[in-house]
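Read the structure below first, then the notes.
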Amino acid sequence: MAELSYLEASKQAIAEEMRRDPMVWALGEDLGRGGVSGQYKGLIDEFGPNRIADTPISEAAIMGAAIGAAMMGTRPVVEMRFSDFALCAIDELVNQAAKARYMFGGQARVPVVVREPVGMRGSAAAQHSQSLEAWYAHIPGLIVILPSTPADNKGLLKAAIRCDDPVVYMEHKGLWALEGEVPDDDDYLVPIGKARKVRQGNDLTIVTWSATVHTAAEAATQLSAQRDIEVDLIDLRTLWPWDVRAVLESVERTGRLLVIHEAVKTGGFGAEIIATIAERGPRLKAPLRRLGAPRVPIPYSPPLEKLMKITPRQIVETAKVQMQA
Amino acid sequence: MAELSYLEASKQAIAEEMRRDPMVWALGEDLGRGGVSGQYKGLIDEFGPNRIADTPISEAAIMGAAIGAAMMGTRPVVEMRFSDFALCAIDELVNQAAKARYMFGGQARVPVVVREPVGMRGSAAAQHSQSLEAWYAHIPGLIVILPSTPADNKGLLKAAIRCDDPVVYMEHKGLWALEGEVPDDDDYLVPIGKARKVRQGNDLTIVTWSATVHTAAEAATQLSAQRDIEVDLIDLRTLWPWDVRAVLESVERTGRLLVIHEAVKTGGFGAEIIATIAERGPRLKAPLRRLGAPRVPIPYSPPLEKLMKITPRQIVETAKVQMQA
Amino acid sequence: MAKAHASHNLDVDRYLSQFREMHRIRAFEMTALQAVDEKLVLGAVHPSVGQEAICVGVCDNLRRDDLLLSTHRGHGHTMAKGASAAAMMRELLGRTGGTNHGKGGSMHIADFDVGMLGANGVVAANISIAAGAAHAIALKGDDRIVACFFGDGAINRGPFLEGLNWAKVYGLPVLFVCEDNRYSATTKTSAMTSGAGAAERARSLGLNAREIDGNDIVRVDEAAREMITEIRADRQPQLLVTSTYRLLGHSGFDRGQYRPDAEVDAQWEHEPIRRCAALLKAAGVRDAVLTSIEQEAKAEMLAALEEAKAAPWPAPEIAYDDVQDVGAEKMEHAPWLS
Amino acid sequence: MAKAHASHNLDVDRYLSQFREMHRIRAFEMTALQAVDEKLVLGAVHPSVGQEAICVGVCDNLRRDDLLLSTHRGHGHTMAKGASAAAMMRELLGRTGGTNHGKGGSMHIADFDVGMLGANGVVAANISIAAGAAHAIALKGDDRIVACFFGDGAINRGPFLEGLNWAKVYGLPVLFVCEDNRYSATTKTSAMTSGAGAAERARSLGLNAREIDGNDIVRVDEAAREMITEIRADRQPQLLVTSTYRLLGHSGFDRGQYRPDAEVDAQWEHEPIRRCAALLKAAGVRDAVLTSIEQEAKAEMLAALEEAKAAPWPAPEIAYDDVQDVGAEKMEHAPWLS
Ligand SMILES: Cc1ncc(C[n+]2csc(CCOP(=O)(O)OP(=O)(O)O)c2C)c(N)n1
Ligand SMILES: Cc1ncc(C[n+]2csc(CCOP(=O)(O)OP(=O)(O)O)c2C)c(N)n1
Ligand SMILES: [Mg+2]
Ligand SMILES: [Mg+2]
């Protein structure tokens, strides 16, 4: 175990996988100087410019080329800088990467990992703050992962790189500096599709992912300390496939479910979770609930941006309402 | 009233709006020869090539140029041919059109109508069959409309053209030939955000939109004739804004809700509807239910493609289960 | 009419073989269109009738392990690269034994065994994928090359710029081939294309580019051979622009009536098979030989159609296969079963 | 060092005014960076320090009702087009009275009153939007033109091809301006760009293109004037490629340390304000005049910053305004209130 940042953990994952498999390479803008947030810093020294490849500002070609290179047996890690810019490469990701294996009748595999950092951070405004994970979960063929801790950002990224399916891998921009214990193990893999129990409780199930896990954990601490409300807090970690079993087990125990995400509430993946649980018809002590951003583009000014974010206080208030229902 | 096809109705809508407002124009590939399905046939004779504009195969520029032209006070109708190709213009639609007004602090308006026909039809396969309406409903700034009848395809398209917000307007490829009564009225507008009651009943609420409305209507007829199950059938017509009130009123009456769409079930807009209703916690007689496509790309071969489609039989079977719960 | 070639020099065996291949492609297309008319094929079929010389002239100069990326109009390329016409016909009919097990159809036809990495339903999308396939070759350091076909309409989409720039920046062995058949669906491409065209655009991106008559099999064959030889040696991308004409409608659904009869009729005079026949005759090949090649091709494709009609439909379960390894839905969970 | 101009011919009033404007831009940028350091501005700020001559030389030749589309590096263009620096500074600080009411910030700054239709956070996305704005002008038949700026990195994205083709196909009055500052964020653009560059690419698309020294205010001013005059008359798009250098880091977060000191130091010798000062001095303008212009500009921007700091934060309700007319969520329904 070592204390690493979320950023360092991802870099360790890439370095280990690149050492392990010469077919792994990374491509994206500015990677030679470390990438926009330093996620690749120093890798070029070990692996050289062919495997830590700078690219033109050509998101569509970055994705398209990665697909062709993946079909030919390499394992590209595609860096999209921010998930917002992946919108310049959606045809490639959704019409090509996600469908190639299927429409070619199983002849192709597209083992790409598409890194698309999400989320609000410091007045990044409407075109640099989006969390569109729900889109990808809706697309057959894609896997969707959103790590929330340094350890997961090692274990899930390694699992994603070893996976033969195209993976949309969404780190959160606000978590790069977060520190935590990370296993040194070269083969430390976190299984795709398994949720993580952050905190055990019997009163209210909270399901969330990415940076909001930390907001929810803070709220859970407050709820326990101030109200004796014990939250069963689940970090979903992967949206597709998602851990229905873990969520269902918890909700059957607590009778209460709150799903929280930073993304816009309307049409967010929280809806899928609520709908799936509602369809199973478990016995409930309170209506199922979601918290998410309003259906508003992310504003720039700090106090306005703050209004778009889920706060511990909101979670506490919502939980109290659910406990009273 | 005249008997018109869904296709003719849309053409009438465009022609009337173009006569009414010289700032309305249409642009897209092959429009001069009527467009890929004949939706524009003959319009060039009345309005000329500047207002029924052929374009290069440049979806991104079609959308981008429409945005610039809309910000400057014209009202473009953007033809994307199939919704699948709009994926080549997602940055323009989502990062630019949807956000321009907001991020410029109200200085811009982007009154574009983006026509993106959806749905499966006759072995169109994985890249020509998608229904991604849920994506757009998740994006602040966008309006999402899916007409199911000729009358609506006149009234909603006219409303969309007169609307100052960007509208994603999704006709269904399988409905072009559908005939129905269409009001002659030049000012026949169907309000955006109001659902249509297709059939009145007190046993089970079915909410759906686009071509599936007709599948559900057939099932409802069978359920009534064979089982005395009376379906309250709601054609949502617009997904954003959607008519929560109409759905809630119905579910409170029937105690049962089934949402059906042609799109992939996972992460489809059905999840949003189920989640919204679940959060309100109405008294239910059966668990909320959805029907949608499996999370599988659309296959080509007719018997496989058929497996992806909702059938009246499935609806009937699901309704019977809900009635027994 | 065929341009004069030094027919005494003509490699008769080679061009007889290419003549046969062109006839096989044409017969495949005509048979496929017949299957469309008979509603045996429901999806779109984009025939390459009139463009056969480009398919054959280029692909005949590729090795089996070279790679090919194609378009919606991909039957000719695929056959010329060596795929089985019978399996392709089954694919068009959506049957068992189709190249893609019936899951792709005409627009997604692929045969990885012969290096054919797929037709594509999105215009120009194959360009950056081709660059990427070549990128993998470069990373692995082998000596294969990639051929990437696209139409004249495709040069107005972003991937043309991004993909050609990519191939040149990284020094990737791709032969890009633009089939300029003058039309983009119902639109005259020239009216929607600024500047001097594909070759000039490619040159501005630093690629060597050549423009040739794409209906002249000898010209195509020679140009492709030279360019492929260069590319295999210097690992730099090039563009071959071939002028041709789409003799039929855009697809099986289109009669192409927006084009004046006179224009179309004139083009039938210049079509590549007739021109190749003239060359072969001038080189001494007897009419009967040529006719029997044509007849054999037609018979082969009709047999392929009959055989495809008799082939079984795919089992329902395969609809759920090959989506993804992790998180694949199972047929047991299919909505109508639950 | 400044190239020699025929200084006896120099329109001193004109270039004094442009000198002042360049200083105002530089002072704005330096003040904005100071505000970043003081954490008064949290978002990215991309300064145009070193590129002021392009902003001023081009925009000074536009009419107020002409239109402008800009990039992430848009402060200079916006000021040169006539926007209020005070309102821009408020925008950067996210305050009431900002050009965008604090909702856009540096990367989305816009002032429709002066025809400035927006900076853009997506590289190259403004190109097709600019073509569309010109398309509207053409449909309406008025005589305005559109100026569209982008960087050297932007020419590798699809919109460069699609947008320039569009403008030429429809005959639209756009002056495209490429600011070639040699870098795309931390990457040397030349390493990622094939062929002879932006001008050659534009020519292959049928546009007239000129390449000039973008640090020479007189050259920029003259070239822009000539090109704008032509565009206003013949309604055809053109491209002006200006070579320059990004003297500072990519943004307020970047110190630009991947560039050798010697390279950067050398470029400070060629920067446009110093060169303009030399010209004006040679034309007889006294040092004191130039110095006082610089001082005034700095004082103006420091005052703008002070004023912005004192300005109130926007009211929470406006976060919910201007999303859309139909189906807008209301603040009452905000999650933390429900
Ligand atoms: C991105 C995209 N836009 C539109 C279409 C619809 N479409 C299919 S083929 C075609 C014309 C293509 O013209 P060209 O590239 O010249 O190829 P050709 O059909 O002439 O072989 C169009 C517009 C598409 N498949 N993909
Ligand atoms: C589509 C897209 N990709 C990546 C980025 C991130 N990014 C912002 S500015 C920039 C460099 C742009 O270089 P250039 O066009 O030369 O403009 P300059 O910054 O030099 O003015 C990059 C890569 C972006 N904003 N948009
Ligand atoms: Mg063509
Ligand atoms: Mg630059």
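Chain identifiers are assigned alphabetically (A, B, ...) following the order of the sequence lines, protein sequences preceding nucleic acid strands; residue numbering begins at 1 within each chain.
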Chain C heavy atoms under 4.5 Å from [X]: which part of the residue, side chain, backbone, both or neither?
| X | result |
| --- | --- |
| A/M63 | neither |
| A/L142 | backbone |
| A/D91 | side chain |
| A/W25 | side chain |
| A/Q107 | both |
| A/T55 | both |

Looking just at side-chain N and O atoms, do [X] and [Y] make a donor-acceptor pair shorter than 3.5 Å?
| X | Y | answer |
| --- | --- | --- |
| A/E116 | A/Y136 | yes |
| C/Y170 | C/R235 | no |
| A/W242 | A/E272 | no |

For [X], is it the side chain, the backbone, both or neither that has a heavy atom under 4.5 Å from a heavy atom of chain A?
| X | result |
| --- | --- |
| C/A124 | neither |
| C/D111 | both |
| C/A138 | neither |
| C/L67 | side chain |

Taking every heavy-atom pair that is under 4.5 Å apart, which of [options] has the most such pairs with chain C?
| options | value |
| --- | --- |
| A/A53, A/G64, A/P241 | A/G64 |
| A/I62, A/I57, A/V110 | A/I62 |
| A/E59, A/E92, A/Q96 | A/Q96 |
| A/I67, A/I143, A/V167 | A/I143 |

Reported CG-to-CD distance for the pair A/D84 and A/Q127, which is rounded to 0.5 angstrom
8.0 Å
Do C/K103 and A/Y102 meet the cation-pi criteria used here (NZ or CZ under 6.0 Å from the six-membered ring centre, within 45° of the axis)?
yes
Candidates C/H75, C/E91, C/H46, C/H72 - the one meeting side-chain hydrogen bond (donor to acceptor under 3.5 Å, both in side chains) with C/S106
C/H75
Could you check whether any side-chain N or O of C/T78 sits under 3.5 Å from a backbone N or O of C/A83, counting only pairs where one atom can act as donor and the other as acceptor?
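Between the backbone of C/A83 and the side chain of C/T78 there is no qualifying donor-acceptor contact (under 3.5 Å).
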With side chains defined as the heavy atoms from C-beta onward, is the minimum distance between A/L236 and A/T208 less than 4.5 Å?
no
Got A/T149 and A/R196 here, is their nearest side-chain heavy-atom distance under 4.5 Å?
yes
Pairs of heavy atoms under 4.5 Å with chain A: top-ranked of C/L117, C/V169, C/I109:
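The answer is C/L117.
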Which of C/G163, C/A136, C/G102, C/S128 touches chain A most, by non-hydrogen pairs under 4.5 Å:
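Highest number of heavy-atom pairs under 4.5 Å: C/S128.
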Please work out which of the three classes, parallel, tilted or perpendicular, describes the rings of C/F160 and C/F150, given edges at 30° and 60°.
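C/F150 and C/F160: perpendicular rings.
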